[in-house]
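By convention in this document, chain letters (A, B, ...) are assigned in the order of the sequence lines, proteins followed by strands, and residues within each chain are numbered from 1. In this text, all values refer to a predicted model and were calculated from it rather than measured experimentally.
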Number of protein chains: 2
Amino acid sequence: MSKRGESKSLSADVYSRIREEIYNGTLAPGSRLQPSVLGERYNASTTVIREALALLAGERLVQSRTGQGFFIPMINKDELVDLTTVLCHVEGLALRMSMERGGLEWESSLIAAHHRLARTPRRTEKNPDRYSQDWSNAHKEFHATLLGACDVPLLLDMCQQLMLATELYRVWVSPLVTHNKRDYAGEHAALLEAVLAGEADRAVSLLNEHARTTANMIIENWPEDTEAMIADGIAKYGVE
Amino acid sequence: MSKRGESKSLSADVYSRIREEIYNGTLAPGSRLQPSVLGERYNASTTVIREALALLAGERLVQSRTGQGFFIPMINKDELVDLTTVLCHVEGLALRMSMERGGLEWESSLIAAHHRLARTPRRTEKNPDRYSQDWSNAHKEFHATLLGACDVPLLLDMCQQLMLATELYRVWVSPLVTHNKRDYAGEHAALLEAVLAGEADRAVSLLNEHARTTANMIIENWPEDTEAMIADGIAKYGVE
DNA sequence: GGGGTCAATTACTTCGAGAATATTTATTCT
DNA sequence: AGAATAAATATTCTCGAAGTAATTGACCCC
């Protein structure tokens, strides 16, 4: 096990693997990220792990307390609300700029991405309680394409970072949200339509509603005791 | 020389020193950040430098190309325009939230910060071509106080990161901007007045104008040849 | 029995050298 | 002579251990 990936540098490789495991749900909020144990898991030296963790700390995906090592940040309800507010604004700006700057080429690839998303099943028979990996990827790509034409790397990074943070909440608070009555297909179709029609205001409000619905869904499922929830999640995922 | 600072860890110390030198103008855009060279300057091992650089890379303050080490990002005019647009939006959101959430305590400290700023001279006789360190700090604190009551660390980080990036441009493109006709005092007073009056729209537009004026000032002074400008800057600062 | 101090242990941080990789220079071939 | 290849050089990336700070547990005192 733990075969080495085909990345350019070991450090970058470890970086993306840790990042992956963070919003896989493998690494629980509040848990310690010890270079020694991670190093054993990834067959890498502690120095390499530290560098990867430092990188993640810069992105605020992990927290670093001097002299006490690295941790996954704790989650709380109020922060999710604020996070969503910021996400809506930043995402809105990105979408407006994207619509202004994106040409025919962009519209085409957006339609393509939407089609791919629409034709990818959200659940599989094998694992009906989670979103399928394919759908998750297609969803991510649709959103990335949507905002991508704004052509401001910094802004796109912010969006991605914020979405990632939200995703983290979803994974830990309501991992079994696939059984909801939400009309994803409809939401995406309406969004696409508004974008192609060039109606920025409508598109932005649809996108914002999309984000807020996700947040509300999480908040509704919020348990009284966060720690218990996390313990529960750990039991489900089977991590130490 | 190169006495060790009084920070908690060597790594954190080096981190802030590099960060400092980046927007001091000591480290030029495009220049290489070699762990060996920096390690000698700060009396630290390459590992420590790498960790500090990784942290900065996560914040996008330095660029990391695999196998080629770390660099200070290159600057260009279009990016500054986009940067300013994003800054205005994010800053606007932060100000609105700050005004909603900030109470009497906040208003008081804002008035205090403004007063400190107003009474601090922008130039000194010793170095009349640059903003004085005191004024620069007071200015920074006024803005930080202004947005601080929003109480969303992530949002504040974004603002700071964006302002820092803009500041970087100012340092390299027009380091001698103190000889302008800009009415800083008036701008700040008007802003304070709008905030205290509770007029969010007016306050935001004043703040945005503040940022845009800075950006425009830089763009007007933009030289034809960026590389020559940087070389010029290096000559002025006397770095290798 | 509760609280505080001290030692033992654990784990975080730093180091400098060795292996891997990119860049530069020199050489050879067309 | 110019381009492509190959050796040489410089630099980055990785490692495992040594140093240093923080935590845990035991012990003693109140």
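One finds a side-chain N or O of A:Arg32 lying less than 4.0 angstrom from the OP1 or OP2 phosphate oxygen of C:dC12. Taking 4.0 angstrom as the limit, B:Gln68 places none of its side-chain polar atoms (N or O) nearer than this to OP1 or OP2 of D:dT12. Side-chain nitrogen and oxygen atoms of B:Arg50 include at least one within less than 4.0 Å of the OP1 or OP2 phosphate oxygen of D:dC13.
Look at CZ on B:Phe71: it is 13 Å from P on C:dA22, rounded to the nearest Å. In this structure, CD of B:Gln34 is placed 14 Å from C1' of D:dC13, rounded to the nearest angstrom. Taking atom CG of residue B:Asn43 and atom C1' of nucleotide C:dT14, one finds them 14 Å apart after rounding to whole Å. The interatomic distance linking B:Leu33 (CG) with D:dT11 (P) rounds to 14 Å, in whole Å. Atom CG in A:Asp13 sits roughly 9 Å away from atom P in D:dT14 (whole-Å rounding). Taking atom NZ of residue B:Lys8 and atom C1' of nucleotide C:dT14, one finds them 18 Å apart after rounding to whole Å. Protein atom OH of B:Tyr42 is 20 Å distant from nucleotide atom C1' of C:dG16, rounded to whole Å. For the pair B:Leu10 CG and D:dA21 P, the computed distance is 12 Å after rounding to whole Å.
Side-chain atoms of B:Glu51 never come within 3.5 Å of backbone atoms of A:Ala54 as a donor-acceptor pair (strictly under, hydrogens ignored). Side chain of A:Thr120 to backbone of A:Trp135: no donor-acceptor contact under 3.5 angstrom is found.
Comparing C:dG16, D:dT14, D:dT12 by their closest approach to the side chain of A:Ser9 singles out D:dT14. The listed nucleotides are C:dG16, D:dA22, C:dT23; the one nearest the side chain of B:Thr46 is C:dG16. Listed candidates were D:dG16, D:dT14, C:dT14. Nearest to the side chain of A:Ser45 is D:dG16. Side-chain proximity of A:Phe70 to the nucleotides C:dT14, C:dA11, C:dT13 is greatest for C:dT13.
Atom CD of A:Glu107 sits in a crowded spot, with more than 12 heavy atoms from other residues, nucleotides or ligands closer than 6.0 Å. The number of heavy atoms from other shown groups lying within 6.0 Å of CD (A:Gln160) does not exceed 12.
At a threshold of 4.0 angstrom between heavy atoms, the contacts of A:Glu51 with the nucleic acid are absent.
Between A:Leu61 and A:Leu168, the closest side-chain pair of non-hydrogen atoms is not below 4.5 Å.
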